[in-house]
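Start at 1 and go down the list; that is how both ligands and their atoms are numbered.
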Amino acid sequence: MRKKIVAGNWKMNKTFEEAEDLVYEIADGIESMSLDDTEIIVCPPYVFLELTSDAVNDKKLKIGAQNVHHERSGSYTGEVSAAMLQSMDIKYVIVGHSERRKYFHESGEMLFQKVRIAREHELTPIFCCGEQLEDRKSGKHFDVVKAQLEETVFRLDEEHFARVIIAYEPVWAIGTGETASPEQAQEMHACIRDLIGKAYTDQTAADTTILYGGSCNPGNAASLFNNPDVDGGLIGGASLKSADFLEIIKHRLNT
Ligand code: PEP
């Protein structure tokens with residue numbers, strides 16, 4: 001079901017104590033907010049999942065993981081399975097982030113296995129897609145995003161796809177301080193929604209949550225969220241400071 005969502009991706013940041021401070025600051029900050037149908041999620045590193053889950057117990061904040069392995073279990077030293085996340089009552093997992101695609105060579109096939117196994121374990125994938133700067137400059141950005149969706153989440157049956165959150169994250173905007181304009185974000189989000197309608201049904205397209213990610217901050221959040229097909233944001237750098245993250249959440253609630 002389509003929701004407004006603000007999700008924070010902490011990436012490989014924070015120590016134990018810093019993570020504890022940040023999660024409490026965010027959880028306490030949203031406690032007095034009237035969230036209605038808006039969901040707030042933070043995705044800390046694996047080692048802090050237990051700490052953060054305990055901290056938000058019974059609070060409005062939800063916890064997600066940043067990654068999951070594409071096999072169910074086995075000899076994959078250092079990796080974490082969907083079953084492990086499920087057993088910790090984790091509900092969300094980021095899949096297909098451009099940093100995982102780039103630094104860990106995650107292929108479309110691997111990402112399909114990840115979303116499939118995540119869904120088998122009742123996890124909601126936050127599936128990232130987005131073009132490189134060269135793709136946009138050469139006018140291929142719509143085709144690139146379409147291909148990324150077709151080789152992964154569009155291979156799920158409709159029942160499972162209906163539980164996927166899409167995050168459009170133009171790679172040239174991630175961590176660069178350069179943001180897609182509200183028009184560029186809306187245009188791509190509308191295109192993604194249209195593609196979902198063609199792959200499944202118009203109802204599923206209308207019900208899918210599509211987030212924008214890429215240098216979203218308190219200064220630009222309102223203009224990005226104020227678009228009919230932008231349901232919220234996946235926030236990197238600005239999710240590491242509680243004041244900034246809470247400010248972005250307020251913009252989501254007010255637009
Ligand atoms: C991200 O990595 O998902 C992201 C959107 O990062 P940033 O907000 O720092 O660009």
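With Leu85 as the partner, the side chain to side chain contact (heavy atoms under 4.5 Å, CB included) test is satisfied by one option alone out of Val80, Ile63, Asn67: Val80. Partner of Leu234 under the side chain to side chain contact (heavy atoms under 4.5 Å, CB included) criterion, out of Ile41, Asn9, Ile166: Asn9 alone.
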**Report entry** From CA spacing to verdict: side-chain hydrogen bond (donor to acceptor under 3.5 Å, both in side chains), Glu169, Ser98
**Finding:** CA-CA 8 Å; Glu169 299 208 310; Ser98 62; 5.3 Å; no
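The shell of residues lying under 4.0 angstrom from ligand 1, judged by heavy atoms, includes Ser215. Under a 4.0 Å heavy-atom criterion, Cys128 is not in contact with ligand 1.
Among all protein heavy atoms, the one lying closest to atom 3 (O) of ligand 1 is Glu169 OE2, 2.7 Å. Distance from atom 2 (O) of ligand 1 to its nearest protein heavy atom, with residue and atom name: Lys11 NZ, 2.5 Å.
Atoms of ligand 1 lying under 4.0 Å from any heavy atom of Gly237, numbered from 1 in the order shown and given with element: 7 (P), 8 (O), 9 (O). Atom numbering of ligand 1 starts at 1 in the shown order; those under 4.0 Å from a heavy atom of Gly214 are 5 (C), 10 (O). Close approach of ligand 1 to Asn9 is summarised as follows: ligand atoms under 4.0 Å from at least one heavy atom of the residue are 2 (O), 3 (O). Residue-ligand proximity, Gly213 to ligand 1, at heavy-atom distances under 4.0 Å covers atoms 5 (C).
Using a cutoff of 4.0 Å between basic side-chain nitrogens and carboxylate oxygens, Asp135 and Lys137 are not scored as salt-bridged. Taking 4.0 Å as the cut-off between side-chain N and carboxylate O, Glu109 and Arg155 count as a salt-bridged pair.
Remark: aromatic rings of Phe225 and His251 are distant, center separation not under 6.0 Å.
The part of Ala173 lying near ligand 1 is the backbone, judged by heavy-atom distances below 4.0 Å.
The aromatic rings of Tyr76 and His70 sit tilted relative to each other, their planes meeting at an angle between 30° and 60°.
Looking at Gly236 next to ligand 1, an N or O pair under 3.5 Å apart turns up. Of the polar atoms of Gly175, at least one N or O is found under 3.5 Å from an N or O of ligand 1, judged by distance alone. Checked against a 3.5 angstrom limit, the closest N/O atoms of His97 and ligand 1 fall inside it.
Here the straight-line distance linking atom CG of Asp229 with atom CZ of Arg2 works out to 6.0 Å at 0.5 Å rounding.
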